[in-house]
Amino acid sequence: MTKPLPNEPHAPRSQADREKARVRVARKWAYLISMTTYVPSEHTALEKPLLEMVDDLFAALAAEPLGLETAERVGAELVALNCADKSSLQCTVDVLAGPLLTDHDVRKPPPERVVRLFGALAGGFTEAVRRRTTDQQETMCRALIEVAKRAMYAAENRQTDFGDTSTELTLLRRQLSHQLLHDPLTGLPNRQFFGTRLEEVLNSGSPTALFRIELNGFEVFNEGLGGPHADALMTAIAVRLRSAMPGEGMMVARFDRAGFTVLQERDANGTSPAEVVTAINTAVTTTTHVADLGLTPTASIGVVQSPPHRADPVEFLQAADIALRYAKEEGPGRWRMLMPDEDAHDRRLLRLAATMPSALEDERLTIGYRLRVGLVDAQPAGVDGFVRWQEPGLADVVEQIGLSPRLGQWLLRNACWRMPDGNLPLSVRLTPNQSAAPDLVDTVLTALDEAELPAGRLELAMPAAEVFDGRARSVDNLASLAAAGVGTAMHGFGGDPSEVVRLGGLPVRAVALTARLVSQARGASRKSLLGLALTGLSAMVHDSGAVVAVDDVRSRREAEWWRHVGADTASGPLFSAGGDREDPEELFAE
């Protein structure tokens with residue numbers, strides 16, 4: 001029978017485990033929050049103060065009465081670190097909510113305590129932002145008042161320097177206005193200035209193009225060379241971009257950390273988008289010498305032209321961001337112009353992806369289960385658990401915008417506790433970002449504990465490309481999961497010789513072949529070149545200690561074909577005549 005979620009608290013962790021868990025939280029918080037604003041230090045330098053804040057918040061949660069003053073102080077300290085915009089606050093809530101709600105060291109921490117804690121943190125954050133803004137305004141006002149006093153004094157005494165004082169007042173006013181509307185590092189227009197000009201241009205109805213530019217691997221320059229050197233690189237590129245733009249009516253702006261935006265007004269003397277892209281690439285890729293180092297970055301560029309109807313500036317910028325994402329997918333140094341139909345489709349997907357957290361909370365997403373069968377004995381060999389997507393392509397967008405790790409937590413937790421008693425394993429396939437999540441191992445072990453499911457009954461499959469050529473964190477997670485007794489596997493395995501050679505050194509007990517190989521095998525004979533190659537591939541996988549899995553098997557003939565070439569398990573329409581199920585017990589009802 002399906003088990004309810006347990007209500008009993010977890011056993012307290014050791015002091016060492018608790019410290020390690022909180023260090024991981026602080027490290028993740030520092031990395032993500034450094035991407036939300038201009039932080040005048042490396043994210044590694046943020047880890048120490050953020051770790052102290054993490055410890056303070058956990059202590060405040062356990063305190064009686066609840067440590068609301070501590071939470072307010074943490075909010076103010078965030079602002080002092082220059083993490084003072086709404087993205088920083090949202091990032092803080094996203095990173096800390098899960099660990100605080102599942103704190104093993106506080107007996108059943110009620111959700112309302114965590115909500116009150118975040119409320120106090122937000123209050124301290126908001127008050128600190130208000131104070132900082134007020135202080136800045138007072139400083140400006142004092143400077144203006146001082147100049148005004150001098151002007152009045154000069155007027156009353158009919159001093160000859162009245163004209164100089166008036167000029168000084170005008171210059172100060174212009175300087176303050178410039179600071180409010182320009183990037184302090186490069187001197188280029190900032191988001192506010194750019195947005196105002198973009199709205200004016202779009203309202204005029206004249207032809208317009210927008211170019212979103214992002215330096216590839218900027219974090220490598222920033223973390224490898226240090227913030228000052230990365231700033232010098234951005235300043236040099238800004239100067240070249242401003243002077244390299246062909247034609248008139250072009251504005252170069254900077255309002256994010258790793259890139260620039262170019263607005264092409266009217267037709268810019270007949271300059272085509274391709275010519276602008278060439279000028280951008282020349283400005284970016286020209287070698288910049290910083291501290292005797294020659295730096296030659298590349299850029300991805302997204303291009304969008306104004307539609308025939310009057311466009312909203314926010315939507316126009318969003319379309320340029322979508323074009324930039326397409327360009328980055330095609331590889332470093334590429335550019336992509338967004339087509340109108342792509343714009344509409346991606347907007348729909350992005351709206352759905354943006355509401356993903358609330359979809360998890362109000363159960364608008366469901367989990368599906370699919371039977372996996374042994375090809376030798378035709379007996380059930382396992383159950384595959386997966387998210388049911390209502391919109392094609394939504395899974396890719398969720399992965400790209402970084403929401404998939406949270407979705408993976410939800411999937412693991414719910415899929416595990418719904419598994420019926422027995423011996424069949426539950427297999428869940430992870431995305432690249434889920435595989436590299438810093439808290440993956442903790443998430444998996446917590447889900448198993450809640451469901452009272454033995455570690456050996458869960459099999460997690462990572463993408464082969466992520467394991468072989470992806471992030472080191474994914475390989476570390478794979479090894480840690482295997483050491484904890486969790487079954488580990490790979491999906492999307494294409495049989496590349498270099499991958500086959502490395503397969504034997506990995507703790508993998510199953511390998512699922514790519515959909516491309518399964519499709520190519522459909523209709524081929526076992527004696528064909530493909531059949532012989534797959535027979536050899538299966539044998540080599542077996543030699544490494546793993547089994548071979550295939551998906552989308554549609555007929556008995558296909559199942560027999562795969563059995564003869566050495567595959568071990570299969571899933572697909574042949575084994576689920578009634579379709580995928582929402583309850584795993586339904587797979588065995590017949």
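Below, each value reflects all heavy atoms present in this structure, side chains not excepted, and no hydrogens, waters or symmetry copies. Note that the coordinates shown come from a computational prediction; the quantities given were computed from them, not determined experimentally.
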Find the distance between CZ (R212) and NZ (K328) and round it off to the nearest 0.5 Å.
9.5 Å
Only counting residues at least two apart or in another chain, list the ones meeting side-chain contact (heavy atoms from CB on, under 4.5 Å) with A484.
L445
Please tabulate, for side-chain N and O atoms in residues 49-65, each donor-acceptor pair with protein atoms closer than 3.5 Å (sequence neighbours left out).
| unit_1 | atom_1 | unit_2 | atom_2 | d |
| --- | --- | --- | --- | --- |
| D56 | OD2 | R73 | NH1 | 3.4 |
| D56 | OD2 | R73 | NH2 | 3.4 |
| E64 | OE2 | R113 | NH1 | 3.4 |

When rounded to the nearest 0.5 angstrom, what distance separates OG in S300 from CD in E329?
10.5 Å
Atom pair CG/CG of L453 and L426 - distance to nearest 0.5 Å
7.0 Å
Quick note, side-chain hydrogen bond (donor to acceptor under 3.5 Å, both in side chains) partners involving residues 225-236, not counting sequence neighbours, are none
CG of L460 to OG of S435: how many Å apart, nearest 0.5 Å?
8.5 Å
Residue list, side-chain hydrogen bond (donor to acceptor under 3.5 Å, both in side chains) with T92, at least two apart or on another chain
W29
Taking only residues two or more places apart in sequence, or in another chain, which ones meet R130 in a side-chain hydrogen bond (donor to acceptor under 3.5 Å, both in side chains)?
E127
Considering residues at least two apart in sequence or located in another chain, which fulfil the side-chain hydrogen bond (donor to acceptor under 3.5 Å, both in side chains) criterion with E69?
none
So among T186, L215, I213, which one has a side chain to side chain contact (heavy atoms under 4.5 Å, CB included) with I237?
L215
Is there a donor-acceptor contact under 3.5 Å from the side chain of D469 to the main chain of A465?
no
Please check: side-chain N/O of R457 versus main-chain N/O of L424, any donor-acceptor pairing under 3.5 Å?
yes
What's the spacing between E77 CD and L121 CG if we round to 0.5 Å?
10.0 Å
Partners passing ring-ring contact (aromatic ring centres under 6.0 Å, His included) against F218 (at least two apart in sequence or in another chain)
none
Going by side-chain contact (heavy atoms from CB on, under 4.5 Å), name the residues that satisfy it together with L68, two or more places apart in sequence or in a different chain.
L66, R116, A120
Please identify each residue that fulfils ring-ring contact (aromatic ring centres under 6.0 Å, His included) with F260, with sequence neighbours left out.
none
Compare all side-chain heavy atoms of H491 with those of P463 and state whether any distance is below 4.5 angstrom.
yes
Any non-hydrogen side-chain atom of V444 less than 4.5 Å from a side-chain atom of L448?
yes
For R509, which residues count as a side-chain hydrogen bond (donor to acceptor under 3.5 Å, both in side chains) partner, sequence neighbours excluded?
E459
Output the distance between atom CG (N433) and atom CG (L440), rounded to the nearest 0.5 Å.
11.5 Å
In terms of heavy-atom contacts, A415 and I367 come closest through N-CD1, 3.8 Å
What residue pairs, at least two apart or across chains, pass salt bridge (charged side-chain N to carboxylate O under 4.0 Å, His left out) with a residue in residues 471-491?
E466-R471
Quick one: list whatever passes side-chain contact (heavy atoms from CB on, under 4.5 Å) with T443, sequence neighbours left out.
Q409, L412, D439
Please lay out, stage by stage, how R429 and D384 fare under the test salt bridge (Lys or Arg N to Asp or Glu O under 4.0 Å).
CA-CA 8 Å; R429 293 188 178 181; D384 296 342; 5.3 Å; no
Has T196 got a side-chain atom pairing as donor or acceptor with Q192's backbone, closer than 3.5 angstrom?
yes
